[in-house]
Amino acid sequence: MIDKILADQIAVTVNKLYNLSLSASELSISKTRKEFVGDYTLVVFPFVKAARKSPEQCANEIGQTLVAQYPFVESFNVIKGFLNIIVSGSEWLNFFGQEFNKSTFGFAETKSDETIVVEYSSPNTNKPLHLGHVRNNLLGFSVSQILKANGKNVKMVNLVNDRGIHICKSMLAWAKYGEGETPESTGLKGDHLVGKYYVLFDKHYKEEIAGLIESGYKKEEAEKSAPLILEAQAMLRKWEQGDAETIRLWKMMNSWVYQGFDETYKRMGVSFDKIYYESETYLLGKDLVQKGLASGVLFHKEDGSVWCDLTGDGFDEKLLLRADGTSVYMTQDLGTAMLRYNEFKPEKMVYVVGNEQDYHFNVLRLVLKKLGASWAKEIYHLSYGMVELPQGKMKSREGTVVDADDLIDGMVQTAREMTEQLGKLDDFSSEEAKLLHYNIAMGALKYFILKVDPKKTMMFNPAESIDFNGNTGPFIQYTYARICSVIRKAAERGIKVSDKLTYGIEILGEKEKSLIKMLHDFPGVVQEAGNNLSPALIANYIFELAKEYNQFYHDHYIIHEEVESIRQFRLDLSSFTASVIKNGMNLLGINVPGKM
RNA sequence: GGUCGCGUAGCUCAGCUGGAUAGAGCAGCAGCCUUCUAAGCUGCGGGUCAUUGGUUCGAAUCCUAUCGCGAUCACCA
């Protein structure tokens, strides 16, 4: 980008002047802050010693040399140790035009062979998706889009946790208390129906425990010997033995859940290339353990359990097989990672999983490495923070979880109310209006979540998330819709919208220049975000862009009285801005409506 | 207790590979609809960047220590 080219040339000049050998990346060159005059700023403090001159002398010297040597350096000014460089408009635009023709916003045109597997979502089939899953899904999907835009061959995968004692709990509760209820008979979404029985199990289980404690049991004993939990464990054993009736029940209830999940995924706008089921993968990893034992990486304890000694690496010993030969979470994950690696031979495997599993992934990488997997270092744990509510943490047992479907319903409802209140959609058909409500609601929700740094614990305030003012998705959608409106209206007046910025350079103001430069830097942002896996960065960038455009719009309120060249330029600018906003929002998985 | 993460305006968050006077939005106050979308715009007030010591021309940013909050250290997944 222009920054780099500029930096290269400045490096040549500085090196020659002071007999140094600095690379462009070692120079501190940034865009000039808006309160100062200039386009780019070089910090000269680092050369002061070599130059044996004051910062001001040094900066002036470099500035004069640059102006003399390069036509695109128009002039400069010096404030303390800061050299502000002013780039010549026409030279700069010339460069800009070339770059613009070469590529559109830096999205790779050719796909690389590099495959990246992104695992996200990974729900349990015993309860509906909640707010925490929403953050997971949006992050996973956004990151995948960002990587795709960077030319990677992305495989989005989901590992569904469809077996285990927790699944048996809801199965058992349904069998005992369900009276044959189905999604059809109740009108409930399948995942909600199953979730209802999971809660019901917990309720009855707690009652049994309380009863046992009253009759003299200790708490731990009561928890272990309550009839319900024993029954659930028995059911799990039956499942593992392939008992026909148990499997039938399990398949039926899971199919309800999947239908419910599909609906929620669809509403969130996320999708997967491949879905793994834990019931099919939970035995994986055992052969890895055998190999590990053979090679001496793993060892047996007296009771027959298998462990990996990680004490030399700052971790504890890690269990991989129980004494009875059954595997644990880590064993399965080792097996699944191996399976996935062999299947895709990816350059990187991204796991979108909450930060409470940081330890797990550190251990996973380490054990894989010890087992001889050279690719273990390519596992990237996209670790995200919890979502908290104003009342505190979400706890399913205390009923303080925010259900994903309820949340989306609420957002759509609010969008509808706001829209009707403003009376803007009078000329919309009911279908159009419905779609718009959905787009606005999801835009608000998605942006609200994605604008926060993934690794940080975030506060989810329902009241604020549906605010349509300020740094929000709807603000950006609104801005985009207005740009489209300008273009549309101009077309009605017969003004052509061209793709190239070849007009009006003489009348470019500072604002236009800085706006175009911001757009021009967009590819860099994508690149950086792709590498850092940070949708938050893109979200904030798009907001800045939308804000800048709004400012521009208000500064040039009356366009139809202006001269043709200015019109032409403004239109180019508008269409350019529009596409950048749209591309950026697409990266985040947010729809932007053309009119609002 | 060990390890990891976080601490920036009343609130929610940017900024963190060291650069100029630390930025947005919300909330509060004062203005702006005859023109293309007021879901908007303008202005005002609001800060010991948790504390401490260091590194240097320069620290919210890097390092030490302390305090506070959280996660984790399961034969749960």
Side-chain angles (χ1 to χ4, degrees), chain A residues 25 28 30 32-33 35-36 41-46 48-49 54-55 79-82 84 122 124 159 161 163-167 278 282 301 303 305-307 314-316 318-324 326-333 354-360 362-363 383 385-386 388 390 393 415 418-419 421-422 424 440 444 448 451-453 455-461 463-465 467-472 474-479 481-490 492-493 528 536-537 539-541 543-544 547 550-551 553-561 574 595-596:
Chain A
S25 59
S28 167
S30 54
T32 302
R33 294 171 65 133
E35 56 270 33
F36 299 96
T41 297
L42 171 72
V43 183
V44 301
F45 286 111
V48 169
K49 266 187 192 165
S54 77
I79 298 168
K80 290 193 274 186
F82 298 91
N84 297 321
S122 307
N124 295 338
L159 175 56
N161 183 342
R163 65 162 285 281
I165 189 75
H166 50 297
I167 311 295
E278 208 182 290
Y282 80 107
K301 282 200 177 176
D303 63 357
S305 55
V306 178
W307 297 73
F315 298 99
D316 295 329
K318 183 72 195 173
L319 176 88
L320 291 177
L321 283 184
R322 298 185 184 104
D324 63 5
T326 55
S327 59
V328 294
Y329 175 42
M330 180 60 73
T331 324
Q332 295 172 34
D333 244 16
N355 62 11
E356 70 273 12
Q357 295 198 33
D358 286 354
Y359 182 85
H360 173 79
N362 282 330
V363 171
S383 163
M386 292 188 164
E388 291 185 355
K393 281 183 201 163
M418 294 289 283
T419 308
Q421 209 177 333
L422 288 163
K424 287 197 173 186
I440 292 172
F448 189 86
K451 76 177 178 186
V452 181
D453 185 341
K455 72 170 183 253
K456 285 192 176 177
T457 303
M458 72 171 283
M459 174 66 64
F460 185 83
N461 186 333
E464 269 177 38
S465 70
D467 195 339
F468 294 163
N469 292 319
N471 189 356
T472 65
F475 172 85
I476 294 161
Q477 292 171 315
Y478 171 66
T479 303
R482 288 209 312 201
I483 298 169
C484 290
S485 175
V486 170
I487 295 169
R488 220 166 29 236
K489 293 264 161 65
E492 284 167 16
R493 293 197 191 108
E528 191 185 342
L537 193 64
N540 282 300
Y541 183 81
F543 172 65
E544 289 302 317
K547 220 169 49 151
N550 266 314
Q551 175 97 39
Y553 167 79
H554 278 270
D555 287 353
H556 304 279
Y557 200 54
I558 306 167
I559 66 162
H560 60 264
E561 288 177 1
S574 300
K595 57 177 183 169
M596 284 176 87

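Predicted, not measured: the structure shown is a model, and the values here were computed from it. Per chain, numbering begins at 1; letters A, B, ... match sequence-line order.
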Nucleotide B:A77, atom P - distance to CE of A:M330 in whole Å: 11 Å
Closest to the A:K80 side chain, choosing from B:G7, B:U21, B:C75: B:U21
A:N540 vs A:N471, side-chain contact (heavy atoms from CB on, under 4.5 Å): CA-CA, chis, key distance, verdict: CA-CA 8 Å; A:N540 282 300; A:N471 189 356; 3.7 Å; yes
First of A:P474 and A:K318 reached from the 5' end of RNA chain B, by closest nucleotide: A:P474
Side-chain N or O of A:R163 closer than 4.0 Å to phosphate OP1/OP2 of B:C76: no
Euclidean distance for P, B:U61 against B:U17 (whole angstrom): 11 Å
Mutual orientation of the aromatic rings belonging to A:Y329 and A:H360 [parallel < 30°, tilted 30-60°, perpendicular > 60°]: parallel
Touch class at under 4.0 angstrom, heavy-atom based, for A:M458 against every strand present: sugar-phosphate
Whole-Å gap separating P (B:C13) and CG (A:N471): 12 Å
Inter-nucleotide C1' distance (B:G18, B:A60), Å rounded: 11 Å
Touch class at under 4.0 angstrom, heavy-atom based, for A:M596 against every strand present: base
Sugar-phosphate only, base, or nothing, as touched by A:K455 at under 4.0 Å among non-hydrogen atoms: sugar-phosphate
Closest approach of A:T419 to A:A415 (non-hydrogen atoms, all atoms of both residues): OG1-O, 2.5 Å
Length of the CE-C1' vector between A:M459 and B:C26, whole Å: 15 Å
Shortest non-hydrogen contact from A:P474 toward A:A444: CD-CA, 3.6 Å
Distance test, side-chain N/O of A:T457 to OP1/OP2 of B:C6, below 4.0 Å: no
Donor-acceptor pair present, A:D303 side chain and B:C75 base, under 3.5 Å: yes
Proximity to the side chain of A:D316 - top-ranked nucleotide from B:C16, B:A39, B:C73: B:C73
Gap separating the NZ atom of A:K455 from the OG atom of A:S383, nearest 0.5 angstrom: 10.0 Å
Side chain of A:V328 (C-beta onward), nearest among B:A77, B:U72, B:A14: B:A77
Residue closer to the 5' end of RNA chain B, A:N161 versus A:F475 (nearest nucleotide): A:F475
B:A71 and B:U42, which share atom name P, separated by this distance in whole Å: 41 Å
B:A24 base stacked by A:F543 (centroids within less than 5.5 Å, tilt under 30°): no
Nearest listed nucleotide, side chain of A:F82, among B:A20, B:A39, B:C4: B:A20
No-H, no-angle donor-acceptor pair, A:T41 side chain to B:A20 base, under 3.5 Å: yes
Sugar-phosphate only, base, or nothing, as touched by A:Q477 at under 4.0 Å among non-hydrogen atoms: nothing
Separation of A:R163 CZ from A:N124 CG (nearest 0.5 Å): 11.5 Å
Nearest-neighbour nucleotide for the A:S305 side chain, B:A14, B:U12, B:C75 considered: B:C75
Listed nucleotide nearest any side-chain atom of A:Q332, set B:A77, B:U37, B:C13: B:A77
N or O in side chain of A:K456 less than 4.0 angstrom from B:G7 OP1/OP2: yes
Sugar-phosphate, base or nothing in reach of A:P55, heavy atoms under 4.0 Å: nothing
Euclidean distance, A:N355 CG relative to A:K456 NZ, rounded to 0.5 Å: 13.0 Å
Whole-Å C1' distance, B:G53 and B:A30: 46 Å
Sugar-phosphate only, base, or nothing, as touched by A:A481 at under 4.0 Å among non-hydrogen atoms: base
A:V43, nearest nucleotide to its side chain (from B:G19, B:U12, B:A14): B:G19
Anti versus syn assignment for B:C16, with syn defined as within 90° of 0: anti
Which nucleotide in B:A77, B:A71, B:C75 has an atom nearest any side-chain atom of A:E278: B:A77
Nearest-Å distance for atom pair CG/P, residues A:D453 and B:G15: 7 Å
Close aromatic pair by centroid cut-off 6.0 Å: A:F543 and A:F475: yes
Ring-ring centroid check A:Y478 A:F468, cutoff 6.0 Å: no
Heavy-atom pair with the smallest gap, counting every atom of A:M459 and A:P390: SD-N, 3.6 Å
Pairwise P distance for B:C62 and B:A77, with rounding to whole Å: 38 Å
Value in whole Å for how far the C1' atom of B:C36 lies from OH of A:Y478: 10 Å
Atom pair distance, as rounded to whole Å: CE in A:M418 and C1' in B:A39: 7 Å
Sugar-phosphate, base or nothing in reach of A:F45, heavy atoms under 4.0 Å: base
Sugar-phosphate only, base, or nothing, as touched by A:L321 at under 4.0 Å among non-hydrogen atoms: nothing
C1' atoms of B:G7 and B:G15, separation to the nearest Å: 15 Å
Whole-angstrom distance between B:U21 and B:G68, as gauged at atom P: 35 Å
Six-ring centre of A:W307, A:K318 cation under 6.0 angstrom, axis tolerance 45°: no
Stem segments of RNA chain B by first residue number [Watson-Crick or G-U, under 3.5 Å, at least 3]: B:1-7 with B:67-73, B:10-13 with B:23-26, B:28-32 with B:40-44
Nucleotide nearest A:N84 (side chain, heavy atoms from C-beta), chosen from B:A20, B:A77, B:C13: B:A20
For atom CD1 of A:I165 and atom P of B:C76, their distance in whole Å: 11 Å
Between B:A77 (C1') and A:Y359 (OH): distance, integer Å: 16 Å
C1' spacing across the pair B:A24 / B:A14, given as an integer number of angstrom: 7 Å
Touch class at under 4.0 angstrom, heavy-atom based, for A:N461 against every strand present: nothing
